[in-house]
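One structure below.
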Amino acid sequence: MEYDIIFEDVTYFYPRSQTPAIKDINLKIRKGEIFLITGPAGAGKTTLCETTNGLIPHFFRGKLKGNVIVKGINTKESHIGELSRIVGLLFQDPSSQLVAATVFDEVAFGPENFGVPREEIIKRVEESLAAVRMLELKDRNPHRLSGGQQQAVVLAALMAVKPDIYVLDEPTSNLDPIGSIMFFDVMKDTVKKEGCTVIIVEHKLEYVMPIADRMIVLNKGEIVFEGEPKKVIDNVEELEKLGLRVPQAAIVADRLRKRGHQIEIPLTLDEAKQYFTNFLKQYNPKSVKFEFTEEKQSSGEEIIRAENLTFVYPGGVVALKNVSLSIYKGDFIALLGQNGSGKTTLVKHFNGLLKPTEGNVYVFGENTRNKSPADLAKRVGYVYQNPDYQIFCRKVYDEVAFAPKNLKVPKEKIDELVMNALKLVKMEYAIDENPFNLSKGERQRVAIASVLAMDPDVLIVDEPTTGQDFRTSNEIMQLLQRLNSQGKTIIIITHDMELAANYCHRTIVLKNGEVLLDGPTREVFSQVEILRSTYLSPPQVTLLARELKEFEVPPNILKVDEMVNFLEMKYGV
């Protein structure tokens, strides 16, 4: 059997670290295999990826024990340039890999450097951009695209190089749900056509496990599970304890198992439909009416209003078209939409970072045309999608203290504000650290803390779970939930349908710069076909409920607990 990558007793320490980032890794990855690596934040996933193309040990010096053999080459004895022809590595942060002035040139950059003929380059660029739904934007500046669009461009750039081995570090973290599914389908087809090997680091197990041949779960730098996905998914409780995003249908099945029922753990939605259909046929339904718990409502006091808002970027790109909506005190809103639908553009009008091309935006009764971003920032806090866009200090304390200092808050009060904000995001341990030495997920939480230190009335968080595992994602959402219960208005931009369903009372969906849907989250997620038109999909448990309509399962179930409670009440399981 031919192996493309072999890890032999691999242990690695970063410079000045006494704790190994990865430890005693022994692993063989077969040629033509789709191999999944998952695990909680800080488990060593990215470090393992960086050993495959020579970044470790040739760029990140540190201390590497053992051997990494790639296509018969020991990475210690090669160099990054040679390995880059074999291994295409996609970084977690797509903006860090952008180098060109247009999308076309960005995707063409790699093949050009490897001397690919011009006609072949054009063919590869167009095929790669079409695969990630970005061909129409080939003349745009990639640095001015949304985070999700940038990620799609970087994916296309890697595909155009056609490496023997793809190493993809969270390749869909900024992509919309159906875009994520489409990407994994593209990678599956690429393996079939080119015979390449694909390693994917991913938290979205629901989407990637069905296409993976094998997988490992890392924790604290060590392999804790290894095998085929069907075998690994059987360990639902252990995976949940590690903080992983276990597919919702698997969690429901596991809850039934714990009650003594015999049911297989499904890997896909189709399997879930089959297993639950066979299971429920054994029981007779009771004549009971299942009702959902009432969701929290806002106070009804309007605090932000957009009136016929249109915004056009320089160059003529129309990002928003005649948007009218109101935000109320106490709202907890999920702002959804496919990549490039105008979500970030919209919220930047709420704190004055952008001014309307046409129409008006009113914040606490005042027209934003007459207010500076500095004035609005006191009441409307905004956390960027990429934390590096707002972090600039060399110490976490200084970063969080920056705004209070500018507002002339007394020193003793600043210390209190900083510590309270860091405790809220569970980052007080890093108060003296350089934020640029932290992981992206940690930098995201520092960015949130820096905004919380100003105690704004409205908190806007653009992709709050970027770089987080499922446990820390839930911790951030629970933090936002607590702030909302204290009277703050929360607006999140997200592609995470499950978290939106679990926490947000109201959902607004944008499509091509216009409001497509706006209403209670349960009502919005029940409109599956409309959501699909904007590359969104309800949570898996909602889709499962719709597949089980013959058993009177409510089609608008949003949460695992709701499904379990329904089955207990209706079928006594």
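In this structure, R522 forms a cation-pi arrangement with F292, its terminal cationic atom sitting closer than 6.0 Å to the ring centre and no more than 45° off the ring axis. In this structure, R133 forms a cation-pi arrangement with Y535, its terminal cationic atom sitting closer than 6.0 Å to the ring centre and no more than 45° off the ring axis. Taking the ring centre of Y362 as origin, the terminal cationic atom of R305 falls inside the region bounded by 6.0 Å and 45° from the ring axis.
A salt bridge does not link K45 with D169: every distance from a Lys NZ or Arg NE/NH1/NH2 to an Asp or Glu carboxylate oxygen is 4.0 Å or more. The residues D561 and R255 are annotated as salt-bridged, a charged nitrogen and a carboxylate oxygen being separated by less than 4.0 angstrom. A salt bridge links R124 to E120: one of the charged nitrogens lies within less than 4.0 Å of a carboxylate oxygen. We find that D518 and R506 are joined by a salt bridge, their nearest charged nitrogen and carboxylate oxygen being less than 4.0 Å apart.
Between L517 atom CG and K511 atom NZ the span is 10.5 Å, to the nearest 0.5 Å. If you take CG on L239 and CD1 on I233, they are separated by 6.0 Å, rounding to the nearest 0.5 Å. Within the model, atoms OH of Y275 and CD1 of I263 stand 9.0 Å from one another, a figure rounded to the nearest 0.5 Å. Atom CG of N502 is separated from atom CE of M497 by 12.0 Å, given to the nearest 0.5 angstrom. Here the straight-line distance linking atom OH of Y382 with atom CG of L376 works out to 14.0 Å at 0.5 Å rounding. To the nearest 0.5 Å, the span separating CD on E463 from CG on L335 amounts to 10.0 Å.
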field: Working for side chain to side chain donor-acceptor pair (under 3.5 Å), residues S173 and Q151
entry: CA-CA 8 Å; S173 59; Q151 192 158 36; 3.2 Å; yes

- request: Tell me, with the steps shown, if D469 and R245 meet salt bridge (Lys or Arg N to Asp or Glu O under 4.0 Å).
  value: CA-CA 8 Å; D469 59 25; R245 182 189 295 274; over 6 Å; no

- request: Carefully, step by step, assess E33 and T197 under the rule side chain to side chain donor-acceptor pair (under 3.5 Å).
  value: CA-CA 5 Å; E33 189 169 39; T197 300; over 6 Å; no

message: Between Y313 and T345, does the side chain to side chain donor-acceptor pair (under 3.5 Å) criterion hold? Intermediate values first, please.
response: CA-CA 10 Å; Y313 280 104; T345 302; 2.8 Å; yes

task: Let me see the working for R532 and E529 under salt bridge (Lys or Arg N to Asp or Glu O under 4.0 Å), right down to the final yes or no.
output: CA-CA 5 Å; R532 188 170 288 124; E529 295 305 319; 2.8 Å; yes

message: Could you walk me through whether L90 and L168 satisfy the side chain to side chain contact (heavy atoms under 4.5 Å, CB included) test, starting with their C-alpha distance in whole Å, then the side-chain angles of each, then the deciding distance to 0.1 Å, before giving a yes or no?
response: CA-CA 5 Å; L90 175 69; L168 312 175; 3.9 Å; yes

Q338 vs T534, side chain to side chain donor-acceptor pair (under 3.5 Å): CA-CA, chis, key distance, verdict: CA-CA 6 Å; Q338 68 195 90; T534 189; 3.2 Å; yes

- prompt: Can you list the steps and then say if K488 with D331 is a salt bridge (Lys or Arg N to Asp or Glu O under 4.0 Å)?
  reply: CA-CA 8 Å; K488 293 191 184 298; D331 269 342; over 6 Å; no

field: Audit row: K230, E271, salt bridge (Lys or Arg N to Asp or Glu O under 4.0 Å) steps and yes/no
entry: CA-CA 11 Å; K230 186 67 176 173; E271 284 187 358; 2.9 Å; yes

task: Go through the steps for L459 and I491 under the test side chain to side chain contact (heavy atoms under 4.5 Å, CB included), then give the verdict.
output: CA-CA 6 Å; L459 183 61; I491 303 171; over 6 Å; no

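For F184 and Y207, the ring centers are positioned 6.0 Å apart or more. Aromatic pair H349/F311: ring centres closer than 6.0 Å.
Residue E136 places its CD atom among 12 or fewer non-hydrogen atoms of other residues, nucleotides or ligands, all under 6.0 Å distant. Heavy atoms of other residues, nucleotides or ligands lying less than 6.0 angstrom from CD of E228 number 12 at most. The neighbour count for F566 CZ, taken as heavy atoms of other residues, nucleotides or ligands under 6.0 Å away, is above 12. Annotation for K355: atom NZ counts as buried by contact number, over 12 foreign heavy atoms lying within 6.0 Å.
The shortest distance between side-chain heavy atoms of L483 and L452 falls below 4.5 Å. Residues I508 and L336 fail the side-chain proximity criterion, which asks for heavy atoms closer than 4.5 Å. Residues V425 and I476 form no side-chain contact, since every pair of their non-hydrogen atoms from C-beta on lies 4.5 Å or further apart. Proximity of I493 to T344: side-chain heavy atoms (C-beta onward) are separated by under 4.5 Å at one or more points. Within the 4.5 Å cutoff, no side-chain heavy atoms of Q150 are placed close to those of N339. Between L499 and S473 there is a side-chain heavy-atom pair separated by less than 4.5 Å. At least one side-chain heavy atom of F332 sits less than 4.5 Å from a side-chain heavy atom of L480. Side-chain contact between C196 and V191 is present, with heavy atoms from C-beta onward closer than 4.5 Å.
With T507 contributing its side chain and V524 its backbone, the two residues share no donor-acceptor pair below 3.5 Å. Of the possible donor and acceptor atoms, none in the side chain of S537 sits under 3.5 Å from a partner among the backbone N and O of I178. A donor-acceptor distance shorter than 3.5 angstrom exists from the side chain of S526 to the backbone of E523, with no hydrogens or angles considered.
Residues A250 and V236 approach most closely at O-CG2, 4.0 Å, considering heavy atoms. Minimum interatomic distance between N141 and A100 (heavy atoms only, all atoms of both residues): OD1-O, 4.5 Å. Contact record, E106 with V99: OE1-N, 2.8 Å, taken as the closest heavy-atom pair. Of all heavy-atom pairs spanning G330 and N484, the tightest one is O-ND2, 3.1 Å. Nearest heavy-atom pair, P229 versus D213, reported as atom, atom and distance to 0.1 Å: CD-O, 3.5 Å. Across all non-hydrogen atoms, the minimal contact from P373 to G352 is CG-O, 3.3 Å.
Each salt bridge (Lys or Arg N to Asp or Glu O under 4.0 Å) pair with one or both residues in residues 195-211, not counting sequence neighbours, would appear here, but there are none.
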